[in-house]
Amino acid sequence: MAHPVVRVLGPRAGLAGPRQPVFVYNNWSAYDELSDKVVQTEALAMRELGEILRLRRSGVRIDYYVMDAFWFDKQGGYRVWSHEHWPNGPDGWLKGCKDNGIRLGMWFSTNLIATHDGRFLEPVEEWKGSVATDPNILCLFEGGYLDHLAGSLQMWYDRGVRLFKFDFAYFEAVTAAAKDKFTPEEVKEKNKTAFMEMLRRFRRRNPDVLITGYNGFGGEMENTFTPFRKTVDQRWLEVFDTLYSGDPRFSDVPMVNIWRSADNYSDHMVRQFAFNGLPLRRIDSCAFMIGTTGTCYYRGHQAWKGALLLDLARGGWMNVYHGNLELLSEADAKWFAKAQVMYGGLQRLDKVTALGAIPGTGKPYGFVGHGPKGVVFTVVNPSQEVAALPLLPVMAAGRVLYADSGFIPNIEKGNVIMGPEQLVVIGSGEYADASYALGTDGDIRVPVSSEKLDVPFSSRGKNLVGGEVPPQGKTLRILFQQYGADGFPVRSWGGAPPDGKKMNELLVIRARQAGKELPLAIEYDKMIWSGLSWGAAELRQGSFDPSIPVDIECASVEKDDLRLEARVYAVVYK
């Protein structure tokens with residue numbers, strides 16, 4: 001019997017939507033002006049154009065280059081490029097993309113003009129009648145802002161731009177003159193309908209554009225435990241080709257491999273947006289983000305292969321790659337291209353389904369690409385123990401095409417057996433051929449066994465629990481999570497780079513033997529702008545005396561009284 005799945009809708013639902021999968025480079029996270037103040041410059045943007053061309057020579061498909069936030073002059077009303085950081089203007093970038101067959105894309109804030117650091121745009125004369133009672137946002141149904149914005153979009157379209165990304169929508173914006181005429185709900189509706197109609201007109205005039213929606217157009221992105229609710233206005237599907245499902249961050253499922261927790265977050269958000277009625281092909285998971293800035297937690301290119309596979313497997317037709325492409329070697333590029341070819345063919349068929357548990361529950365799940373002569377399963381075990389996920393009966397003849405290193409997954413009676421936190425790709429039928437094999441990721445090590453230990457943890461003070469592990473010769477994997485009075489996980493925030501606190505200073509794990517503190521291996525020692533509700537660590541075999549007990553303490557520095565839950569596993573690595 002087939003496992004229950006979430007099925008996509010038929011092709012071309014609504015008035016918008018990509019006609020085929022597209023592959024997009026976005027330069028955000030190669031720079032980051034919202035946390036660690038790495039600015040976008042002409043040199044940076046042109047460097048990444050060179051990297052796109054290098055990767056394309058190795059077979060990587062990139063159709064569009066999107067210039068993300070802050071390309072504009074503060075005084076220029078979206079019609080002038082930044083003089084300070086683009087001394088030669090955009091002509092070199094525009095020409096470089098066009099000459100190499102790369103379509104152009106640009107970022108626009110819907111109606112926000114300031115961040116916590118102040119204004120990033122000053123209202124030009126045409127906008128002044130739209131400045132809201134909150135001067136950091138602009139009204140869309142009063143004043144001249146929306147008409148002027150439409151003119152700016154057309155100006156850039158006429159210069160070759162074909163993808164328009166809209167971010168930071170605040171539909172509560174109302175001018176002082178209109179504030180007493182309408183209720184707050186009427187204001188939101190008038191702003192929405194005005195913006196929708198502008199996009200409709202723009203698309204009718206320019207039918208080959210792609211329009212994508214980011215923050216402000218629905219979805220609940222703060223955590224992975226809130227029950228799914230209908231929060232996406234279906235009318236957005238009439239004007240946007242795709243909606244994004246949240247910037248990469250970490251889920252509320254504790255994991256030693258923090259990047260797999262980020263995968264889990266994006267997997268969960270895709271399921272939430274599917275619950276909201278979006279076909280999978282119209283969900284931009286925005287999950288592939290490598291780079292050297294705080295927005296991607298200084299990830300570099302750690303665990304990038306798993307991020308790419310899941311991004312492709314989710315079925316979205318807006319495949320977006322963010323960040324520092326120079327981090328990928330030529331060998332990486334060839335592997336990247338091979339994965340794109342297999343999954344790109346499956347995406348075009350628009351027969352991707354989801355199976356298993358909701359990712360935020362911490363139970364096994366995955367995505368299935370159905371081809372005419374075979375199936376590709378991309379599955380994840382987010383739990384801390386070896387687990388099985390039921391697959392279709394045809395999987396008895398399947399081949400493992402990819403797996404994180406360590407635990408060797410196997411297929412038994414239509415089930416795939418996976419190690420803790422492991423990602424596995426399986427092909428059947430045509431895709432069981434060895435030519436589709438993608439190997440392993442040696443940067444990720446999955447335990448070959450994991451046993452939960454019976455360690456009672458008890459309170460040792462406010463937001464502090466402790467327990468004693470009996471003499472044990474295996475690696476100890478320690479996880480804890482903090483919960484509020486409502487029973488839900490509580491995220492701690494330490495601020496953004498460069499001045500924020502690392503999460504291991506807020507969510508603390510300590511191990512001691514005979515009063516001596518022991519060294520722990522951790523991956524959550526990062527400044528995480530999106531917060532974290534858990535800590536995870538390993539006390540590696542050989543770093544402690546296996547003949548005497550180990551004392552474990554887990555603590556939170558939060559001021560509110562919280563409930564802390566901790567657990568310990570004995571794991572063995574190959």
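Remark: side-chain polar atoms of Gln340 are not paired, donor with acceptor, to backbone N or O of Ala337 under 3.5 angstrom. Using modelled atom types, no side-chain atom of Tyr524 and backbone atom of Ala537 make a donor-acceptor pair closer than 3.5 Å. The main-chain N or O of Phe225 is found under 3.5 Å from a side-chain atom of Asn223 such that the two form a donor-acceptor pair. The closest donor-acceptor contact from the side chain of Trp534 to the backbone of Leu507 lies at 3.5 Å or more, if one exists at all. Listed for the Arg399 side chain is a donor-acceptor partner under 3.5 Å among the backbone atoms of Ala432. At distances below 3.5 Å, not a single donor-acceptor pair connects side-chain atoms of Trp236 with backbone N or O atoms of Leu243. Using a distance-only test at 3.5 Å, with no hydrogens or angles considered, a donor-acceptor pair links the side chain of Asn276 to the main chain of Thr231. Put simply, the side chain of Asp525 never gets that close to the backbone of Asn504: no donor and acceptor are under 3.5 Å apart. Within the 3.5 Å criterion, the main-chain N or O of Phe407 finds a donor-acceptor partner in the side chain of Gln422.
Here Val572 pairs with Val448, Ser449, Lys474 under the side-chain contact (heavy atoms from CB on, under 4.5 Å) rule; sequence neighbours left out. Glu385 pairs by the salt bridge (charged side-chain N to carboxylate O under 4.0 Å, His left out) definition with nothing, not counting sequence neighbours.
Between Lys305 and Asp441, no side-chain nitrogen of the basic residue sits less than 4.0 Å from a carboxylate oxygen of the acidic one, so the salt-bridge criterion is not met. Of the charged side-chain nitrogens involved, at least one lies within less than 4.0 Å of a carboxylate oxygen, so that Arg460 and Asp551 count as a salt-bridged pair. Of the charged side-chain nitrogens involved, at least one lies within less than 4.0 Å of a carboxylate oxygen, so that Asp252 and Arg491 count as a salt-bridged pair. Using a 4.0 Å cut-off between a side-chain N of Lys or Arg and a carboxylate O of Asp or Glu, Asp63 and Arg61 qualify as a salt bridge. Ion pairing between Glu421 and Arg477 holds under the 4.0 Å rule for side-chain N and carboxylate O. Under the 4.0 Å criterion applied to side-chain N and carboxylate O atoms, Asp241 and Arg282 are not assigned as salt-bridge partners. Using a cutoff of 4.0 Å between basic side-chain nitrogens and carboxylate oxygens, Arg260 and Asp404 are scored as salt-bridged.
By the 30° and 60° cut-offs, the orientation of the rings of Phe275 relative to Phe228 is tilted. The aromatic rings of Trp529 and Tyr297 sit parallel to each other, their planes meeting at less than 30°, with 60° as the upper class boundary.
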**Request:** Would you please test Asp36 and Tyr298 for side chain to side chain donor-acceptor pair (under 3.5 Å) and show each step?
**Result:** CA-CA 10 Å; Asp36 52 0; Tyr298 304 110; 3.0 Å; yes
**Request:** Applying side chain to side chain donor-acceptor pair (under 3.5 Å), run through Thr475 and Arg540 and close with a yes or a no.
**Result:** CA-CA 5 Å; Thr475 291; Arg540 298 281 168 79; 5.4 Å; no
**Item:** side chain to side chain donor-acceptor pair (under 3.5 Å) between Gln541 and Tyr573, intermediate numbers included
**Value:** CA-CA 10 Å; Gln541 183 180 20; Tyr573 286 95; over 6 Å; no
**Request:** Start with the C-alpha gap between Phe250 and Trp259, add the side-chain angles, then the distance that decides, and say whether ring pair (Phe, Tyr, Trp, His ring centres under 6.0 Å) holds.
**Result:** CA-CA 8 Å; Phe250 305 108; Trp259 307 117; 5.8 Å; yes
**Verdict with reasoning, Gln272 to Ser245, per side chain to side chain donor-acceptor pair (under 3.5 Å)** = CA-CA 8 Å; Gln272 181 202 147; Ser245 57; over 6 Å; no
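Heavy-atom contacts from other residues, nucleotides or ligands closer than 6.0 Å to CD1 of Ile408 number 12 or fewer. When the shell of 6.0 Å around CG of Asp454 is examined, it contains 12 or fewer heavy atoms from other residues, nucleotides or ligands. Residue Lys373 places its NZ atom among 12 or fewer non-hydrogen atoms of other residues, nucleotides or ligands, all under 6.0 Å distant. The 12-atom threshold is not exceeded at NZ of Lys452, counting heavy atoms of other residues, nucleotides or ligands nearer than 6.0 Å. Within a 6.0 Å sphere centred on NZ of Lys338, other residues, nucleotides and ligands contribute more than 12 heavy atoms.
Side-chain polar atoms of Ser533 and Gln482 form no donor-acceptor pair below 3.5 angstrom. Using a 3.5 Å distance cut-off with no hydrogens or angles, the side chains of Asn264 and Ser261 do not pair a donor with an acceptor. A side-chain N or O of Thr353 and one of His370 form a donor-acceptor pair less than 3.5 Å apart. The closest side-chain donor-acceptor pair between Tyr321 and Asn26, if any, does not fall under 3.5 angstrom.
Checked against the 6.0 Å centroid criterion, the rings of Phe240 and Phe217 qualify as a close aromatic pair.
The salt bridge (charged side-chain N to carboxylate O under 4.0 Å, His left out) analysis of residues 563-574, with sequence neighbours excluded, yields the pairs Arg563-Glu565.
The side chain to side chain donor-acceptor pair (under 3.5 Å) with Lys165 is formed by just one residue from the set Asp68, Asp284, Thr242; it is Asp68.
Summarising the geometry of Ser35 relative to Pro498, their closest heavy-atom pair is O-CD, 3.7 Å, with the distance given to 0.1 Å. Heavy atoms only, all atoms of each residue included: Tyr431 and Val375 are closest at CD1-N, 3.6 Å.
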